[in-house]
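Structure first, then comments.
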Protein chains: 2
Amino acid sequence: MATENDDLVDALAQISFATMAVLSKAAADNDLSLTQLRVLGILRDRRMRMAALAGFLGLEKSTLSGLVDRAERRGLLERAPSAGDGRAVDVFITPVGAAHAARVHASIRQALSPLTNELAPAEQRRLQSLLEKILPPNVPS
Amino acid sequence: MATENDDLVDALAQISFATMAVLSKAAADNDLSLTQLRVLGILRDRRMRMAALAGFLGLEKSTLSGLVDRAERRGLLERAPSAGDGRAVDVFITPVGAAHAARVHASIRQALSPLTNELAPAEQRRLQSLLEKILPPNVPS
DNA sequence: TATTGTTATACTCTATAACTATA
DNA sequence: TATAGTTATAGAGTATAACAATA
């Protein structure tokens with residue numbers, strides 16, 4: 001069952017663990033979980049209904065309720081009735097939340113660059129183009 | 001502050017989110033969390049003391065106690081007194097745990113290969129070697 | 001009846017602090 | 001005194017099930 005690209009799959013998994021460790025730490029340093037960071041990233045440039053956002057994140061509605069509760073309590077997000085459907089609720093980012101997200105994203109770039117700087121410029125370009133080839137289409141932010 | 005390798009950093013982050021989603025799902029399908037999966041992967045070929053394993057994972061000792069408790073209750077791991085230091089405790093994987101881990105790893109490879117198969121064989125080799133260059137040294141399994 | 005969202009409940013993961021036993 | 005590990009406690013993230021309000 002093992003094919004010759006098992007090593008590539010392993011390398012991908014390992015690089016992902018290492019990257020996610022960096023992302024988690026950057027988020028944690030700014031008092032955000034990885035999920036909160038994802039939410040802020042998604043809402044950076046749009047307002048969404050709860051159900052749509054939950055679907056986007058692959059989470060249950062009830063999970064998102066708690067997530068938004070906590071973020072709203074901290075002033076990072078806000079809720080408002082959705083126009084047109086009396087049942088629906090929109091969520092959107094606040095200026096405070098946006099500033100927070102921007103700060104974390106900057107520190108992520110900084111924390112990750114030592115990794116990428118292991119490579120010569122030409123190799124960096126090559127790696128980027130290979131990664132972009134295998135990247136699934138609709139990954140937000 | 002933005003440098004020309006921001007796009008590479010972004011690609012790395014995105015590929016990591018996509019990969020981790022696959023890993024999480026494969027683990028969840030087998031009733032394991034990502035952390036449990038990591039633990040099983042690490043213990044696949046070694047026996048470790050609690051403190052060493054916690055350090056390896058970047059977790060507190062108390063966190064690992066709970067993690068090992070639950071895995072032990074399910075028959076995936078076992079504890080035993082460590083030879084030579086009366087305070088220390090070794091953890092190791094059981095045959096059941098090893099079988100479990102092997103199953104998840106197989107399904108991860110399977111789930112990830114559509115991604116890597118977007119590339120021609122030569123590109124796969126190139127990507128693997130680039131990833132291995134930037135991989136931090138002591139990432140296990 | 002079906003959909004949107006919240007609440008209640010339960011479990012896992014995580015950390016901090018206090019504790020026991022050994023070194 | 002310092003180190004190894006556990007326990008107690010608390011909070012976040014997650015899901016399932018039951019519910020209210022609207023469609």
Side-chain angles (χ1 to χ4, degrees), chain A residues 17 20-21 23-42 47-74 76-92 100 104, chain B residues 17 20-21 23-43 47-74 76-92 100:
Chain A
F17 269 117
M20 295 309 285
L23 297 192
S24 298
K25 183 172 183 320
D29 286 349
N30 287 272
D31 285 302
L32 291 174
S33 71
L34 220 36
T35 307
Q36 301 269 18
L37 181 59
R38 263 184 96 195
V39 170
L40 294 186
I42 290 168
R47 155 195 284 244
M48 286 181 89
R49 288 160 62 142
M50 292 289 287
L53 182 53
F56 215 69
L57 293 163
L59 298 174
E60 288 302 314
K61 306 175 296 178
S62 60
T63 300
L64 187 62
S65 281
L67 230 29
V68 172
D69 282 350
R70 290 183 290 274
E72 197 173 23
R73 230 178 283 135
R74 294 173 56 189
L76 304 175
L77 298 180
E78 271 180 40
R79 275 185 250 233
S82 187
D85 187 334
R87 299 167 299 180
V89 171
D90 284 346
V91 210
F92 55 93
H100 223 75
V104 183
Chain B
F17 269 117
M20 295 309 285
L23 298 191
S24 299
K25 180 170 186 321
D29 285 350
N30 288 272
D31 285 302
L32 292 175
S33 70
L34 218 37
T35 308
Q36 301 268 18
L37 181 59
R38 262 185 97 192
V39 169
L40 294 186
I42 291 168
L43 296 182
R47 156 193 283 243
M48 286 180 89
R49 288 160 63 141
M50 292 290 285
L53 182 53
F56 217 68
L57 293 162
L59 297 172
E60 288 301 314
K61 304 175 297 178
S62 61
T63 299
L64 187 62
S65 281
L67 230 28
V68 172
D69 282 350
R70 289 183 291 274
E72 197 173 23
R73 230 178 283 135
R74 294 174 54 190
L76 305 174
L77 298 180
E78 271 180 40
R79 276 185 251 232
S82 187
D85 187 334
R87 299 167 299 178
V89 171
D90 283 347
V91 210
F92 54 94
H100 223 73

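Sequence lines set the chain letters: A, B, ... in the order given, protein chains first and strands last, and positions in each chain run from 1. What's counted below: heavy atoms across the whole structure, side chains too, no hydrogens, waters or symmetry copies.
- Atom CZ in A:Arg79 sits roughly 16 Å away from atom P in C:dT4 (whole-Å rounding).
- Regarding B:Met48, its CE atom lies at a distance of 15 Å from the C1' atom of D:dG5, rounded to whole Å.
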Sequence-aligned protein contact record of nucleotides 11-17 of chain D, with B where the base is within under 4.0 Å of a protein heavy atom and S where only the sugar-phosphate is: -SBSBBB
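- B:Leu59 places a side-chain heavy atom less than 4.5 Å from the side chain of B:Leu67.
- As rounded to whole Å, 11 Å separates atom C1' of D:dG5 from atom CZ of B:Arg49.
- In this structure B:Arg87 satisfies the salt bridge (charged side-chain N to carboxylate O under 4.0 Å, His left out) test together with B:Asp85, sequence neighbours excluded.
- As rounded to whole Å, 19 Å separates atom C1' of D:dA4 from atom CZ of B:Phe56.
- If you take OG1 on A:Thr35 and CG on A:Leu40, they are separated by 11.0 Å, rounding to the nearest 0.5 Å.
- In terms of heavy atoms, A:Ala71 sits closest to A:Gln36 at CB-OE1, 3.7 Å.
- Nearest heavy atom pair, residue B:Ala27 against residue B:Leu37, reads CB-CD2, 4.0 Å.
- For A:Arg47, the salt bridge (charged side-chain N to carboxylate O under 4.0 Å, His left out) partners at least two apart in sequence or on another chain are A:Asp90.
- Atom-to-atom, CG of B:Asp69 to P of D:dA8 comes out at 11 Å; the value is rounded to the nearest Å.
- Between the CG atom of B:Leu57 and the C1' atom of C:dT12 there is a distance of 16 Å, given to the nearest Å.
- Between the CG atom of B:Asp31 and the C1' atom of C:dC11 there is a distance of 13 Å, rounded to whole Å.
- The distance between atom CG of A:Leu64 and atom P of C:dT4, rounded to the nearest whole Å, is 13 Å.
- Scanning for salt bridge (charged side-chain N to carboxylate O under 4.0 Å, His left out) contacts around A:Glu72 gives A:Arg79, with sequence neighbours left out.
- Scored by the salt bridge (charged side-chain N to carboxylate O under 4.0 Å, His left out) test, A:Lys25 finds A:Asp29 as partners (sequence neighbours excluded).
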Short N/O separations, protein against nucleotides 19-23 of chain C, under 3.5 angstrom:
residue: C:dA23; atom: OP1; partner: B:Gly86; partner atom: N; Å: 2.7

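- Summarising the geometry of B:His100 relative to B:Asn30, their closest heavy-atom pair is NE2-O, 2.9 Å, with the distance given to 0.1 Å.
- Nearest nucleotide to the side chain of A:Met50, out of D:dA4, C:dT4, C:dT6: C:dT6.
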